Amino acid sequence: MTVKKYELVESDIEGLFRIKALVDFGNVKTGEIGGYVESENNLSHLGICWIFGEARVYDKARVFGEACVFDKARVFD
């Protein structure tokens with residue numbers, strides 16, 4: 001079973017959630033609010049991948065491994 005490193009929290013953008021770190025990993029600290037996702041399918045719970053700031057990942061796009069998305073980037077399929 002994979003330990004969850006983040007949870008989804010409500011956001012002000014329709015159809016997207018903010019991510020909130022549940023544990024420390026990489027440069028991310030517990031409680032840190034990250035960017036936006038459509039669902040947990042967009043961001044892996046494995047590795048040190050993360051979405052920072054106002055960045056958004058949605059549709060069929062996936063962030064995993066050591067990948068990070070920053071600033072106001074948009075990643076989608």
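We're numbering straight along the sequence, starting at 1. All values reported here derive from a predicted model rather than from experimental measurement.
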Salt bridge Glu38-Arg56, side-chain N to carboxylate O under 4.0 Å: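 No.
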N/O donor-acceptor pair under 3.5 Å between Arg74 side chain and Lys72 backbone: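 Indeed, once roles are kept as given, a pair shorter than 3.5 Å links the two residues.
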Atom of [X], atom of [Y] and distance for their closest heavy-atom approach:
| X | Y | value |
| --- | --- | --- |
| Asn42 | Asp59 | ND2-O, 3.1 Å |
| Ala61 | Asp77 | N-CB, 4.0 Å |
| Ser44 | Cys49 | O-SG, 3.5 Å |

Stepwise side chain to side chain contact (heavy atoms under 4.5 Å, CB included) check, Glu7 with Phe17: CA-CA 9 Å; Glu7 66 181 344; Phe17 297 92; over 6 Å; no
Could you state the interatomic distance from [atom1] ([X]) to [atom2] ([Y]), rounded to the nearest 0.5 Å?
| X | Y | atom1 | atom2 | value |
| --- | --- | --- | --- | --- |
| Ile33 | Ile51 | CD1 | CD1 | 13.0 Å |
| Lys5 | Leu46 | NZ | CG | 7.5 Å |
| Ser11 | Ile19 | OG | CD1 | 11.5 Å |

Hphob cluster co-occupancy, Ile48 + Val23, side-chain heavy atoms under 4.5 angstrom: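 Linked, Ile48 and Val23 end up in one cluster.
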Min side-chain heavy-atom separation Asn27-Trp50 under 4.5 Å: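 Of all side-chain heavy-atom pairs linking Trp50 with Asn27, none is under 4.5 Å.
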Heavy-atom side-chain contact between Val57 and Leu43 under 4.5 Å: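 Val57 vs Leu43: side chains apart.
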Neighbour count above 12 (heavy atom, 6.0 Å) for Phe64 CZ: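 Counting other residues, nucleotides and ligands, CZ of Phe64 stays at 12 neighbours or fewer.
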Residue pair Leu22, Thr30: steps toward the side chain to side chain contact (heavy atoms under 4.5 Å, CB included) verdict: CA-CA 5 Å; Leu22 297 175; Thr30 301; 5.8 Å; no
Full working for side chain to side chain contact (heavy atoms under 4.5 Å, CB included) between Val37 and Leu8: CA-CA 8 Å; Val37 296; Leu8 302 180; 3.5 Å; yes
Test log, rule side chain to side chain contact (heavy atoms under 4.5 Å, CB included), inputs Val28 and Phe52: CA-CA 9 Å; Val28 178; Phe52 292 90; 4.0 Å; yes
Aromatic plane relationship, Phe76 with Tyr58 - under 30° parallel, 30 to 60° tilted, over 60° perpendicular: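 Answer is parallel, since the angle falls under 30°.
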Ring geometry between Tyr6 and His45 (parallel below 30°, tilted from 30 to 60°, perpendicular above 60°):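 Ring orientation, 0 to 90° scale: parallel.
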